[in-house]
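Scroll down for the structure; my scribbles are underneath it.
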Amino acid sequence: MDFHIERAKILPKSNLWGFLEGLKGVAPLIAPVERGNKTVFSEVNDISDVTINYTRTVLPPKKFLVPYRRVRFTYSTGELSFSSNFKARDQIIFGIHSCDLHGISILDSVYLKESPDPRYLEVRKKTVLIGISCMPDDYCFCLSTGTAFPDGANWDLFLTDIGADYFVSIGSPKGDELIIELKELFRDIEREDLELYKRSTRKKKEAFRDKKLPDLERISQLIELEYESPVWDEEAKRCLSCGTCTNVCPTCFCYTSVDVPDFEGKTVKRVEFTTSCQYPYYSLVAGGHYFKPTRTARFRHRYYHKLVGYPYQIEKLGCVGCGRCSAECPAKISMVETLIKLRGADEKESGKATEQTSAGRSL
Amino acid sequence: MKKSLEKLLNKPLPVDPFKPQRAVITDVEELAPDHKKFTFAFLDESLAKVWDYIPGQFVMLTVPKAGEIPISICSSPTRKGFFELTVRKVGRKTKVLHRLKPGDVVAVRGPYGNGFPVGIMEGHNVLIIAGGLGMAPLRSLVWYILDRRSRFKEVYLLYGTRNYEFVLYKEELRRLKEREDIKCLFCLDRVETPEDREWADIEGLLTELIPQVKLEPSETYVAVCGPPVAYKFIGKELLKNGYPESQIFVSLERKMECGIGKCGHCQIGYKFACVDGPIFPLWDTKNLPEML
């Protein structure tokens, strides 16, 4: 998106806490806070808990849009009338990194493009998303997935660190309303601010220079061509099928729905909870057949869905390069490494990757 | 922000697609061991009158206290006011369903899925190939075609199952066999009893019936439903007999929780069985990994 000067403001860093306090006055505020040595998104009562310079949270902010466990309906077994006391509340999520904003845009497409889910839409309409710029660590690969900057995602305000100030981009009328509400905290943009803004973009790109990044050129085709590659087996051997990767993923949406009756059998709750394609029973059907019986099949399915499935279904890659699946994996399986290995098998590139997969299927 | 994304959020709240409608069981018929056909009518009469679907589509049926299951509709949309589901007792939820009796109330949402391309099939021959319980969704197609018979050319029904005991819709199919406007060929895996002998045209597999079909392949649409293992062999035999790949449609099932492309379980390759299927052209079975 091109920034018209009217579509952006400057927030001096000294006003940040005032800004957060102001936000909290508008609606419940959700922001990154420290828990132990990790960072999580949590509702904040005291704004001094908010951490600004964090790398990644354990769970993405999607938990405030689609809770990991939610009751869809309650019904009585007698007359079988379905009811729900669901009510979306206003909320502001502050401090979302660009990758997670893109993750939310992907969820928007999943939930709202066809057969829209009214609950998600209601929550989404009442949520204000405020992003913040960040610097990558060794797990990040958002530069490859095209999600390093908030362009093309759905958000309301985005704060870019330009030194002494934040360059605040306004992405929606909702965002503009907040600026108007708290206008005494902001100042207008000057030429130098624009220069600083451009420089910050360059700085983030440069931070990736020494990092290992996967080549995502024609990635859908690569996954399809390497569908039988031994790399899948090699990597899946280490996999514990624990489902951590999908649970921390900002774009994963699979859920299971079960009817839970109360003790008297009079009312039943229809509970939906997040599941993982890495669990064996994910594909288990009545009669005992597993459509994805092996760990390799399930392991590969995650990559296939992210890199082939999403592009077909919502015309975007299903990976935003946030690095959570690699950072949290107890078996230290890395998405980047797997993709580099696969690419090696495909293109016979020089280096270690090729040696490891020299038995790869020839095409 | 992109236009496509902006549009997504600027919509009014839709009707909850997850909310099912109540329906009463009006009839239960035992078709074969562990196979029952249930007839339902929506309690909301105005809904019952207008509720429409395409052969091959399915509904999400709430079995009270047990949960939701996806079941193909086995009645034809040309008969209004009721609908039928044939269910095999195979798991926890279907076991509870099999205990229900006429007068019991369930909840239903749908119809879901793409269904057979009946509009495109019009004006052509139709070859229907059913294996075992695959007869259920194809029964919908058979009656759809027979109720609009003049719109279609020649129609064949091939039906194979284990033995006579497991034949579904016995009386109905017997009467179909006597009709002039549909040619029925039946096979059984094992022909042992006198009833088996009386029923079966041949002892053997569906693939052996395909060469007996006297249709111009290029003018024919083929609808196949049965156990997925059979598709490979049936597909091969159909191609050998000259049926164009683009005119062969198969029905596939997967685990489903939502029916509208939200829960993710029914993915076959990059497609969702619930919204992109459950009816797929044969080409997809080659194109999508782990399809069969």
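To find a chain, count down the sequence lines: A is the first, B the second, and so on, and within it residues start at 1.
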Could you check whether [X] pairs with [Y] (Lys NZ or Arg NE/NH1/NH2 to Asp/Glu carboxylate O, under 4.0 Å)?
{"X": "A/R124", "Y": "A/D108", "result": "yes"}
{"X": "B/D44", "Y": "B/R22", "result": "no"}
{"X": "A/R270", "Y": "B/E68", "result": "yes"}

Classify the ring geometry between A/F299 and A/Y303 as parallel (under 30°), tilted (30 to 60°) or perpendicular (over 60°).
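If you compare the ring of A/F299 with that of A/Y303, the planes turn out tilted.
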Do the rings of B/Y270 and A/Y304 sit parallel, tilted or perpendicular, given the 30° and 60° boundaries?
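The arrangement is parallel - the two ring planes meet at less than 30°.
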As an exercise: rank A/D259, A/T77, A/D117, A/V258 by heavy-atom pairs under 4.5 Å with chain B and give me the winner.
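Looking at each of A/D259, A/T77, A/D117, A/V258 in turn, A/D259 comes out on top.
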Could you look at B/C258 and say if it's the side chain, the backbone, both or neither that has a heavy atom under 4.5 Å from chain A?
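Both backbone and side chain.
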Check for me whether the distance between the ring centres of B/Y169 and B/H35 falls short of 6.0 Å.
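Judged by ring-centre distance (under 6.0 Å), B/Y169 and B/H35 do not meet the cut-off.
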Tell me whether A/R72 forms a cation-pi arrangement with B/F18, defined as NZ or CZ under 6.0 Å from the six-membered ring centre and within 45 degrees of its axis.
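Satisfied, under 6.0 Å and within 45°.
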Given heavy-atom pairs under 4.5 angstrom as the criterion, report whether the side chain, backbone, both or neither of [X] touches chain B.
{"X": "A/Y75", "value": "side chain"}
{"X": "A/Y281", "value": "backbone"}
{"X": "A/H289", "value": "neither"}
{"X": "A/Y312", "value": "side chain"}

Shortest non-hydrogen contact from B/N114 toward B/P278:
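Looks like OD1-N, 3.3 Å.
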Which of residues 82-111 of chain B have a heavy atom under 4.5 Å from any heavy atom of chain A?
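Within residues 82-111 of chain B, the residues that come under 4.5 Å of chain A (heavy atoms only) are B/V90, B/G91, B/V105, B/V106, B/A107.
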Quickly, which of B/I25, B/I73, B/T26, B/D27 forms a side-chain contact (heavy atoms from CB on, under 4.5 Å) with B/F40? Name it, please.
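Among the candidates, only B/I25 passes.
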